[in-house]
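Encoded as structure tokens, the structure appears first; notes follow it.
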Amino acid sequence: MKKISTIVLLFVCALSFAQDDVKKANITVSPYYLWSEPSQIGLSFELNRGTLFGSGGNSSILQVAYGTMTYEVGSQEADGTGYVIELGSRGYFSEKDSGVYTQNTLAYGNIEFKENGYKGTYSYFSFLNPTVGYKFKVGENLSIDPSVGVQWVIQMKGSGFIDNNYIDEWAGRFGIRVGYTF
């Protein structure tokens, strides 16, 4: 919990530093759900800094989530829970903060399993999370944001009964966010 609090605090502090045109920057806070392996439910923070290079917009993304995963070996299954943290950027094609976008994040996840007296941990790092989505603006401040993408993970050696040979390095990602812009 201290790690998550520290990352969120650093992100909020980064928001307070000067930019050329502070009035153009805004932040969107979105609860989100991401169907993947591991699945995620959490909060997404998007700091939009306006347009770059003449058109479209550019945003920084921080996502902090509760992660769930099912580990399967043969007919045996174990359910695990943990956390996932992602930090990255998003680029809009047409407008400052809505429409079609692409995004990529750096991700770290840690999922712990406890089943029938057995314990294990699955951890991963990922720098390849390409995502394509569309941010629909509903009124001035509300948005709905479906997305689709893939994730390639670098797995750390599993502990306990977790063997990474049974976990795919590639995972599809389908997500939905409902956000409010401040």
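Hydrogens, waters and symmetry mates play no part in the numbers below; they use all other heavy atoms, side chains included.
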- Message: Please report the interatomic distance CD1(Ile162) to CE(Met156), rounded to the nearest 0.5 Å.
- Response: 15.0 Å

- Taking the side chain as every heavy atom from C-beta outward, state whether Val178 and Tyr33 have any atom pair closer than 4.5 Å. no

- Measure centre to centre between the rings of Tyr108 and Phe125, then say whether the value is under 6.0 Å. no

- Would you say Asn26 and Asp97 make side-chain contact, with heavy atoms under 4.5 Å? yes

- Message: Applying a strict under-4.5 Å side-chain criterion to I, L, V, M, F, W and Y, I'd like to know whether Val132 and Leu128 cluster together.
- Response: no

- Task: Heavy atoms only: give me the nearest Ala78-Phe113 pair and the separation to one decimal.
- Result: O-CE2, 3.6 Å

- Note on the structure: Separation between OG (Ser143) and CZ (Arg177), nearest 0.5 Å, reads 9.5 Å

- Distance col, row Gln63:CD vs Thr105:OG1, nearest 0.5 angstrom, shows 6.0 Å

- Over all atoms of both residues, closest heavy-atom pair of Ser147 and Thr131: CB-CG2, 3.6 Å

- Check Gly179 against Ser30 and note the closest heavy-atom contact, atom names and distance. CA-OG, 3.2 Å

- Look up atom CD in Glu86 and atom CG in Leu106, then write down how far apart they are to the nearest 0.5 Å. 9.0 Å

- Task: Output, in order, the C-alpha distance, side-chain angles, deciding distance and verdict of side-chain contact (heavy atoms from CB on, under 4.5 Å) for Gln76 and Tyr118.
- Result: CA-CA 13 Å; Gln76 302 294 321; Tyr118 294 102; over 6 Å; no

- Query: CD1 of Ile111 to OH of Tyr66: how many Å apart, nearest 0.5 Å?
  - Reply: 8.5 Å

- Query: Would you say the side chain of Asn104 lies within less than 4.5 Å of the side chain of Ser89, judging by non-hydrogen atoms?
  - Reply: no

- Message: Tell me every residue that passes side-chain contact (heavy atoms from CB on, under 4.5 Å) with Glu112, counting only those two or more places apart in sequence or in another chain.
- Response: Asn110, Lys114, Thr121

- Message: Do Ser59 and Glu46 pair up side chain to side chain, a donor and an acceptor below 3.5 Å, judged on atom types alone?
- Response: yes

- Item | Shortest non-hydrogen contact from Glu37 toward Ala171 | O-CB, 4.1 Å

- Mind checking whether Tyr180 and Phe182 have parallel, tilted or perpendicular rings, split at 30° and 60°? perpendicular

- Query: Is the closest side-chain heavy-atom distance between Phe161 and Asn116 below 4.5 Å?
  - Reply: no

- Verify the cluster assignment for Leu34 and Leu62: are they in a single hydrophobic cluster under the rule of side-chain heavy atoms below 4.5 Å apart? no

- Message: Please determine whether residues Trp170 and Ile167 belong to a single hydrophobic cluster, defined as Ile, Leu, Val, Met, Phe, Trp and Tyr linked transitively by side-chain heavy-atom distances below 4.5 Å.
- Response: no

- Message: Under a plain distance cut-off of 3.5 Å, with no hydrogens placed, do Asp145 and Tyr101 share a side-chain donor-acceptor pair?
- Response: yes

- Item | Stepwise side-chain contact (heavy atoms from CB on, under 4.5 Å) check, Asn48 with Thr28 | CA-CA 8 Å; Asn48 187 283; Thr28 302; over 6 Å; no

- Fit a plane to each ring of Phe127 and Trp152, take the angle between them on a 0 to 90° scale, and name the class: parallel (under 30°), tilted (30 to 60°) or perpendicular (over 60°). perpendicular

- Side chain to side chain, Glu115 and Tyr71, heavy atoms closer than 4.5 Å: no

- Query: Looking only at heavy atoms, which two atoms of Ser36 and Gly172 are closest? And how far apart?
  - Reply: OG-O, 3.2 Å

- Task: Starting at NZ of Lys137, measure out to CD of Glu95 and round the result to the nearest 0.5 Å.
- Result: 9.0 Å

- Which heavy atom of Val84 sits nearest a heavy atom of Gly67, and at what distance? CG2-CA, 4.3 Å

- For the residue pair Ser44 and Ile61, establish whether any side-chain heavy-atom pair is separated by less than 4.5 Å. yes

- Side chains of Gln40 and Tyr32: is there a donor and an acceptor less than 3.5 Å apart? yes

- Task: Determine whether Thr68 and Asp79 make a side-chain contact, defined as any pair of heavy atoms from C-beta on separated by less than 4.5 Å.
- Result: no

- Task: Any chance you could lay out the side-chain contact (heavy atoms from CB on, under 4.5 Å) test for Val64 and Tyr83, step after step, and finish with the verdict?
- Result: CA-CA 8 Å; Val64 181; Tyr83 64 90; over 6 Å; no

- Query: Linking I/L/V/M/F/W/Y whenever their side-chain heavy atoms sit closer than 4.5 Å, directly or via other members, would Val73 and Tyr124 fall into one cluster?
  - Reply: yes

- Item | Ile176-Ile41 co-clustered via ILVMFWY side chain contacts under 4.5 Å | yes

